[in-house]
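Worksheet: the structure to be examined is printed underneath.
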Amino acid sequence: MRKPCCEKKKTNKGAWSKPEDEKLTQYIQKHGEGSWRSIPQAAGLHRCGKSCRLRWVNYLRPDLKRGSFGEDEEDLIIKLHALLGNRWSLIAGRLPGRTDNEVKNYWNTHLKRKLIQMGVDPNNHRIGHNFGHTKSFGSRINTNDQPSENSHSDDPLLDSTSEPESNTSCSALPDLNLDLTIGLPISFGY
DNA sequence: AACCCTACCAACCGCAAATCT
DNA sequence: TAGATTTGCGGTTGGTAGGGT
């Protein structure tokens, strides 16, 4: 049914070239974000809109921080992951200048391993040994068996009903401050 | 110097939600 | 209201840089 996103003429794939970056940046600076579907043509790019959006959001946006993550950022990511699961965009939203892709990559390459080394299951933040069995609890807000009858607030951090395992997370991580407000990042000791 | 292995990160893919007609 | 289209998200992959042998 759905047409593939890049069904039309040949579109470039793979790494972006500098001229492509420049075209996209110039176009967005002039016209703003949005209408990703039409941007490639309007900007003279042989890319699909999806690819343009990704490139802009993850790499070209001027407010991106880039560079390595600080310890406070690490703590915050771990903490937010315990609360939200793999909802990378929400987690990234709490980290100014960071993208969901960046956070996700950092989690998968650094933090996951770090937690495992500490004896903490990165999937559910429990201290234990059976890693890898439990499914990550936060893949989507609304899973198939959970018709979202109770409307969530926009911010799941303020919506305790949206977190299916928040209680168990709390019990699993007694030293986590799981207040539903995220204040200054504190270092918490696993 | 050449090869292999590992870690990292940019980008793609498929799906679901949101929006439009 | 239903179907079509667009947007956004999370999982995964592929290229490559760097270190070890």
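In what follows, chains are A, B, ... by sequence order, proteins preceding strands, each numbered from 1. What's counted below: heavy atoms across the whole structure, side chains too, no hydrogens, waters or symmetry copies.
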Find the distance [X]:[atom1] to [N]:[atom2] and express it as a whole number of Å.
X	N	atom1	atom2	answer
A:W107	B:dA7	CH2	C1'	18 Å
A:R98	C:dG10	CZ	C1'	20 Å
A:K104	B:dC8	NZ	P	16 Å
A:D100	B:dA11	CG	C1'	13 Å
A:L90	B:dA17	CG	P	15 Å
A:K112	C:dG11	NZ	P	9 Å
A:E102	C:dG10	CD	P	15 Å
A:E20	B:dA10	CD	C1'	13 Å

Give a yes/no on whether any side-chain N or O of [X] is located under 4.0 angstrom from OP1 or OP2 of [N].
X	N	value
A:R53	B:dA11	no
A:S51	B:dA11	no
A:N101	B:dA11	no
A:R37	C:dT5	no
A:W88	C:dG11	yes
A:H110	B:dC8	yes
A:R55	B:dA11	yes

My understanding is that only residues two or more places apart in sequence, or in another chain, count here; which of them pass side-chain hydrogen bond (donor to acceptor under 3.5 Å, both in side chains) with A:S17? A:E20

Sequence neighbours left out, what passes side-chain hydrogen bond (donor to acceptor under 3.5 Å, both in side chains) with A:K114? Give chain and number order.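 A:E74.
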
Compare the minimum distances between each of [options] and the side chain of [X], then state the nucleotide with the smallest one.
X	options	result
A:L54	B:dC8, C:dG11, B:dA11	B:dA11
A:W16	B:dA10, C:dT7, B:dA11	B:dA11
A:R113	C:dC9, B:dC8, B:dC12	B:dC8
A:R87	B:dA11, B:dC9, C:dG10	C:dG10
A:N105	C:dG8, B:dA10, B:dA11	B:dA10
A:N108	C:dT12, C:dG11, B:dC13	C:dT12

If you go through the side-chain atoms of A:N58, does one of them form a donor-acceptor pair with the base of B:dA11 closer than 3.5 Å?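 Checked by distance alone, the answer is no.
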
Under-3.5 Å donor-acceptor pair between A:K13 side chain and C:dG14 base: no

B:dA1 -> Watson-Crick or G-U wobble partner, both distances under 3.5 Å, gives none

Out of curiosity, [X] [atom1] to [Y] [atom2], how far, rounded to the nearest 0.5 Å?
X	Y	atom1	atom2	value
A:I39	A:W56	CD1	CH2	9.5 Å
A:K112	A:D121	NZ	CG	10.0 Å
A:L95	A:D100	CG	CG	11.5 Å

Please work out whether the ring planes of A:Y106 and A:F69 are parallel, tilted or perpendicular, with thresholds of 30° and 60°. parallel

